[in-house]
Amino acid sequence: GSLQAGVDHFDLPGCGQAVIGRHAFTVFLESRFIAGKLIPAPQIPIDIDTLRRLNDETDLRDLIHRYAFGLDTRDWELWRSIFTDEVLIDTSDYEPEPPPRRLPVDVYVSYVSRLFAGFEATQHFIGTHRFAIDGDHAMITAHFRAEHWATTTHGSDRYTMFGTYS
């Protein structure tokens, strides 16, 4: 058997494989012996819409993790890759001025790279992901905790930020 519904697929005895976006999924449609143990076939069908949703969620999770990884490794090309050419910057949760504003992304990347040059290290933890996907539009909301270390004339200092990325 194989999965249908218009995705790229090919037949393998007793299983189906679907490729959606960059992710491949293998679904065993029959019971199998693996390492001498009988592995029963799944009793819950996996439909193509579920696979698409899981693929979209994986892509969104990767996007927000590239945000954190790009910052922490100072990989500005990676960090830039997650944005459109214009970004809306809203830091009003912790800093009321300036008000939310749209900027060319390269201006924002330049600003953040200069700001982060003052830190010895940063570490961004991101979790509790929630997704709202509607066709080609999606919103991810995730909690974060970000640690920042800097050495000043008064010694070493660390500060922690926490909140929600959207």
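Along the sequence shown, residues are numbered consecutively beginning with 1.
- For the residue pair Val105 and Phe83, the shortest heavy atom distance occurs at CG2-CB, 3.4 Å.
- Around OH of Tyr111, the count of heavy atoms belonging to other residues, nucleotides or ligands within 6.0 Å does not exceed 12.
- To the nearest 0.5 angstrom, Met139 atom CE is 12.0 Å from Asp134 atom CG.
- With sequence neighbours excluded, the residues satisfying ring pair (Phe, Tyr, Trp, His ring centres under 6.0 Å) with Phe144 are Tyr165.
- Taking OG1 of Thr122 as the reference point, atom CD of Glu147 lies at 10.0 Å (rounded to 0.5 Å).
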From CA spacing to verdict: side chain to side chain contact (heavy atoms under 4.5 Å, CB included), Met161, Tyr159: CA-CA 7 Å; Met161 297 175 67; Tyr159 77 91; 3.6 Å; yes

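- Two residues are said to be in side-chain contact when any heavy atoms from C-beta on lie closer than 4.5 Å; Asp56 and Arg53 fail this criterion.
- For Pro100, the side-chain contact (heavy atoms from CB on, under 4.5 Å) criterion is met by Leu88, Asp90, not counting sequence neighbours.
- A salt bridge links Arg80 with Asp85: the distance from a Lys NZ or Arg NE/NH1/NH2 to an Asp or Glu carboxylate oxygen falls below 4.0 Å.
- More than 12 heavy atoms of other residues, nucleotides or ligands shown are found within 6.0 angstrom of CZ on Phe116.
- Remark: Leu54 CG to Arg61 CZ distance equals 9.0 Å, nearest 0.5 Å.
- Checked against side-chain contact (heavy atoms from CB on, under 4.5 Å), Arg66 has the following partners two or more places apart in sequence or in another chain: Asp62, Leu63, Leu78, Ser81, Ile82.
- Contact annotation: the side chain of Trp76 approaches that of Val112 to within less than 4.5 Å [non-hydrogen atoms, C-beta and beyond].
- Tyr67 contributes atom OH, which lies 10.0 Å from atom CG of Asp72 (distance to the nearest 0.5 angstrom).
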His65 vs His124, side-chain hydrogen bond (donor to acceptor under 3.5 Å, both in side chains): CA-CA, chis, key distance, verdict: CA-CA 9 Å; His65 290 168; His124 291 72; over 6 Å; no

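- By the neighbour-count criterion of 12 heavy atoms within 6.0 Å, atom CZ of Arg145 is sparsely surrounded, having that number or fewer from other residues, nucleotides or ligands.
- For Leu71 against Arg74, the heavy-atom pair with the smallest separation is O-NH1, 2.7 Å.
- Formation of a donor-acceptor pair under 3.5 Å by the Arg130 side chain with backbone atoms of Thr128 is not found in this model.
- Considering every non-hydrogen atom in both Ala150 and Phe119, the closest pair reads CB-CD2, 4.2 Å.
- The shortest heavy-atom contact between Leu60 and Ile140 is O-CD1, 3.7 Å.
- To the nearest 0.5 Å, atoms CZ (Arg102) and OH (Tyr108) are separated by 14.0 Å.
- The two atoms that bring Ile133 and Glu57 nearest to each other are CD1-CG, 4.0 Å, heavy atoms only.
- Looking only at distances, a side-chain donor or acceptor of Arg114 sits under 3.5 Å from a matching main-chain atom of Ser110.
- Within the 4.5 Å cutoff, side-chain heavy atoms of Trp149 are placed close to those of Gln123.
- One distance of note links CG of Asp59 with CD1 of Ile64; it measures 13.5 Å at 0.5 Å rounding.
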